[in-house]
Amino acid sequence: MDETSDLTQQRIRKLESLRREGIDPYPNDFKVTHASKDLHEAYGSLSDEELKSVGETFCLAGRIMAIRNFGKASFIQVQDRKGRIQAYLQKDIIGESAFQFFKTFDIGDFIGLEGKIFRTKTHELTLQVQSFRLLVKTLRPLPEKWHGLTDVEARYRQRYLDLIVNPRVKEIFLTRIKVIQKIRDFFTQRDFIEVETPMLHPIPGGATAKPFKTRHNALDMELYMRIAPELFLKRLVIGGFERVFEINRCFRNEGVSTQHNPEFTMLEFYQSYATYEEMMKMTEELLCSMVKEIHAGLCLTYQGKELDFTPPWKRISFKESLLEYGRVDHSVLKEPSKAIELAEKLGLELKKGTSHARVLADLFKEKVEPLLLQPTYITHYPTEVSPLSRRNGKDPEVVDRFELFIAGREIANGFSELNDPIDQRERLIQQLKEREDEADLSLTLDEDFLRAIEFGMPPTAGEGIGIDRWVMLLTDAPSIREVILFPLLRMEK
RNA sequence: GAGCCGUUAGCUCAAUCGGUAGAGCAACUGACUCUUAAUCAGUAGGUUGCAGGUUCGAUUCCUGCACGGCUCACCA
């Protein structure tokens, strides 16, 4: 058992002996003047001679990641929030008793250092320690210094360890944070307002995923964790916030995979007096700005595949894509029976109903989606599978909608919003009818949403972008769990 | 939900046909004042995920369970 492991017992004994000697193993009064990176940036390029004239004393603190002991001197690697720096402790300088005290330190302990900067014979910028303090005595040993922590389960369950010993992991999450910051800046600059809408929905809507059910005790009320913020953001548009965005969590009670986590982060934004075509343009600008910043160019490699983000991105209609990528016969687009025939030939299970549009959507998923490696907009989906999108002016059977695919995955979904309240009501009812057989009590008509639209929604376009999947592309992560700090796992035994 | 694979020391990994469970790092003792996966000598560390079964004998073969990974299914 961990609690009785020898290594931990040893350290508890060390801790007790420190206390007996009157040393506080967890002080909080050490003051830091510099971070490791500050020193690397300020002095990394100076010559050995120039460094000698730097008289300044620096106070740093961090976790000891490596110790290389000699008889009367020690090198240590100290890690702080910005990186690592080497420090050098010499018995002659810090004194006999201090040096003996240092010998009791373990890898993983936090240390506070005060000293001057110099360069070793092997040209490494190093802190010549004049004095030091124990800041935290740790009780458990860190994973191995060379291989680090590779066990995937341990990495996810004990993400703190993963972050301590695997620098790449820290980098991924810093990139994720940068992405979110960048999105905020992008929309704020364009006069959008960031809002927060409810996570607890009386009626789940805005998508057709299965929701998590929960319950409010005092109100004696069934609630659902939101599957999408869409219907609330539109209420805000109706209320006069003509440009809004939200970056927040959505919850879907579905299977877990390398592409799906039950809770994930979605960006949604709505702009009045814009159309789906302007959304496509804005999406190119937004995503390209991030690719440029993180990859110093418009190309990146994802899982061995070269992706080129140079705009404009290919746009092709849903039906055209079935012909061009799916290589289906024209008759499949025209005759439902032919579509069903093809789907059956491919071994697709047509559970969702066998209407022409649904079958085509299944064929698309099977035959087209995996081929869309380079950024590609698929436009004009069938109206039937897009209950919240505005009908196309020339062909009411399709909608002014697009989905963005990159590396064979859906990254974004946007459309000109349906603001005809009568059509909206009919299409939501139609959607409910199709799902009736699934006997899901959560599927109810959101009458307040329909009432809101009856008060008039300005012509608006909106879009949602899955942030996790986008960060996966930017960081070359093979699984969504690599870009979520604490992915959902079963309970540990 | 199904299939396949995995689970051995704190960490990373070995263990031939079923025959006493090993190494590196970390730890402990000692040597060493410019190392950087420091080096050298020595010591200690295990309910082989859990529960059964087969066998003289199981890390190894079989069954069930738990947890994880991948693929598929479900699903925006």
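These numbers come from a predicted model, not from an experiment. We name chains A, B, ... by the order of the sequence lines, and we start the count at 1 in each one. Basis for what follows: all heavy atoms, side chains included, without hydrogens, waters or symmetry-related copies.
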* Flag the pair A:E49 and A:K52 as a salt bridge only when some basic side-chain nitrogen lies within less than 4.0 angstrom of an acidic carboxylate oxygen. => yes
* Scan A:K14 against the nucleic acid and name what it touches under 4.0 Å (heavy atoms): base, sugar-phosphate only, or nothing. => sugar-phosphate
* Looking for any heavy atom pair under 4.0 Å, which part of the strands does A:T120 touch: base, sugar-phosphate only, or nothing? -> base
* Structure fact -> Against the side chain of A:D151, the closest entry in B:A26, B:C11, B:U12 is B:U12
* Asked: With a non-hydrogen cut-off below 4.0 angstrom, is A:G148 in contact with a base, only sugar-phosphate, or nothing?
  -> sugar-phosphate
* Asked: Checking A:Y26 side chain against A:K137 main chain: does a donor-acceptor pair fall under 3.5 Å?
  -> yes
* Structure fact -> Here the distance between atom P of B:A44 and atom CZ of A:R11, to the nearest Å, is 21 Å
* Flag this pair as yes if the NZ/CZ of A:R235 is under 6.0 angstrom from the six-membered ring centre of A:F232 and inside a 45 degree cone about the axis; otherwise no. => yes
* Asked: What does A:L489 touch in the nucleic acid at a heavy-atom separation under 4.0 angstrom: a base, only the sugar-phosphate, or nothing?
  -> sugar-phosphate
* How is A:S74 classified with respect to the nucleic acid when contacts are heavy atoms under 4.0 Å: base, sugar-phosphate, or nothing? -> nothing
* To do: Output yes when at least one side-chain N/O atom of A:R490 is less than 4.0 Å from OP1 or OP2 of B:A66, else no.
  => no
* To do: To the nearest Å, give me how far apart CD (A:E144) and C1' (B:U12) are.
  => 5 Å
* Asked: Think A:R159 forms a cation-pi with A:F486, using NZ or CZ under 6.0 Å from the six-ring centre and within 45 degrees of its axis?
  -> no
* Structure fact -> Checking N1-N3 plus N6-O4 or O6-N4 for Watson-Crick, or N1-O2 and O6-N3 for wobble, each under 3.5 Å, the partner of B:A58 is none
* Structure fact -> Per atom distances to the A:R481 side chain, the nearest of B:C70, B:U12, B:C32 is B:C70
* Mind checking A:Y88 for me? I need base, sugar-phosphate or nothing, with any heavy atom below 4.0 Å counting as a touch. => base
* **Residue matched to B:A14 through Watson-Crick or wobble contacts both under 3.5 angstrom** => none
